[in-house]
Protein chains: 2
Amino acid sequence: MNCKPLKKEEHRKEMMAVQDSMDVLSGKWKIAIISSICYYNKRRFSDILNDVVGISNKMLSKELKELEINKLIKRTVLETQPITVQYELTKHGKSLQTIINNLTDWGIKHRKEIIGDSSETHINAEFETVTAEII
Amino acid sequence: MNCKPLKKEEHRKEMMAVQDSMDVLSGKWKIAIISSICYYNKRRFSDILNDVVGISNKMLSKELKELEINKLIKRTVLETQPITVQYELTKHGKSLQTIINNLTDWGIKHRKEIIGDSSETHINAEFETVTAEII
DNA sequence: CCGTATCCCCGGGGATACTG
DNA sequence: CAGTATCCCCGGGGATACGG
């Protein structure tokens with residue numbers, strides 16, 4: 001988005017590229033998953049399931065598959081008993097760090113901009129726990 | 001995502017921040033809209049409707065509203081006849097440029113990584129035109 | 001343990017028509 | 001022109017159960 005100096009044609013290509021990135025990252029849980037794996041370096045299915053609060057096994061399976069297709073993570077089956085599976089970031093996956101750091105910084109700026117506050121909760125956090133079953 | 005050196009608590013905060021950013025950006029059309037406005041500097045509703053291929057007026061209206069709530073764009077009603085409305089990026093909106101540039105660069109890298117190719121079409125492009133009605 | 005299969009619901013979002 | 005209102009469909013995604 002260098003805005004001004006670009007010809008329309010180049011602008012179109014830039015937009016496609018951004019969209020490609022977003023397609024890879026914008027799944028509901030992608031970043032949380034990447035972050036979990038990155039934080040622990042190597043991580044197993046059930047561990048990630050615990051790290052990423054709220055995700056179902058179905059979704060985790062699906063998101064991991066997509067991340068693998070996009071070559072961001074590597075999946076390794078360990079011949080333990082019973083079988084365990086290990087996930088880790090590929091080089092390509094690690095190359096996301098800059099992006100994620102920028103998104104982090106901007107997210108903090110944004111929070112201040114919007115609510116002038118750096119409270120605990122995620123801005124769009126859901127509050128199911130509050131509305132929990134009464135009956 | 002500085003991965004290693006962070007305590008769990010800080011890691012949690014970082015993830016929230018990234019998620020805040022993604023919530024703002026990951027709408028189906030957000031980036032295209034921002035990009036359109038940025039490219040032309042000031043832009044009207046119907047113009048954006050044309051720029052962003054495939055978007056409906058309903059969605060455009062909705063997305064613009066969200067962008068405005070997040071203070072990324074400024075909406076100005078012009079007292080023309082009939083009325084026209086002008087959208088432009090706020091300072092906060094413009095602060096996204098770094099992010100979007102990074103996403104652009106990464107998107108290009110990613111395309112090469114995945115298909116070893118820099119063809120014309122958007123990776124996940126839909127191909128409805130091909131499967132168009134035969135009957 | 002690591003997923004897949006099945007069921008089912010809800011809301012995202014398109015098409016179209018209408019208003020100020 | 002710049003949206004709202006209405007209708008309606010489809011698939012994302014949760015809960016649960018099952019298989020290797």
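Predicted model only: the values in this text are computed from it and were never measured. The chains referred to below are lettered A, B, ... by the order of the sequence lines, with proteins before strands, and numbering in each begins at 1.
- Between the CG atom of L25(A) and the CG atom of L72(A) there is a distance of 7.5 Å, given to the nearest 0.5 Å.
- Looking at H110(B) and S21(A), their side chains never bring a donor and an acceptor atom within 3.5 Å of each other.
- When the nucleotides dA2(D), dT4(D), dC2(C) are ranked by their closest atom to the side chain of F45(B), dA2(D) comes out on top.
- Under the 4.5 Å side-chain criterion, counting only non-hydrogen atoms from C-beta, I114(B) is not in contact with D20(A).
- Atom CG of L78(B) is separated from atom C1' of dC1(D) by 11 Å (rounded to the nearest Å).
- Following rounding to the nearest Å, K62(B) (NZ) and dG12(C) (C1') show an atom-to-atom distance of 6 Å.
- The distance between atom CG of L49(A) and atom P of dT16(D), rounded to the nearest whole Å, is 15 Å.
- A 4.5 Å side-chain heavy-atom check between L64(A) and E68(A) finds every atom pair outside the cut-off.
- A salt bridge links R12(A) to E9(A): at least one charged side-chain nitrogen sits closer than 4.0 Å to a carboxylate oxygen.
- Rounded to whole angstrom, the span from the CD atom of E63(B) across to the P atom of dA2(D) amounts to 18 Å.
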Close N/O contacts between protein and nucleotides 14-20 of chain C (under 3.5 Å):
from, atom 1, to, atom 2, distance (Å)
dG14(C), OP1, K28(B), NZ, 3.2
dG14(C), OP2, S56(B), OG, 3.4
dG14(C), N7, K58(B), NZ, 3.4
dG14(C), O6, K58(B), NZ, 2.2

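- Per the geometry, OH belonging to Y87(A) stands 8 Å off C1' belonging to dC2(C), to the nearest Å.
- For K28(A) and E63(A), the salt-bridge test fails: no basic side-chain N is under 4.0 Å from an acidic carboxylate O.
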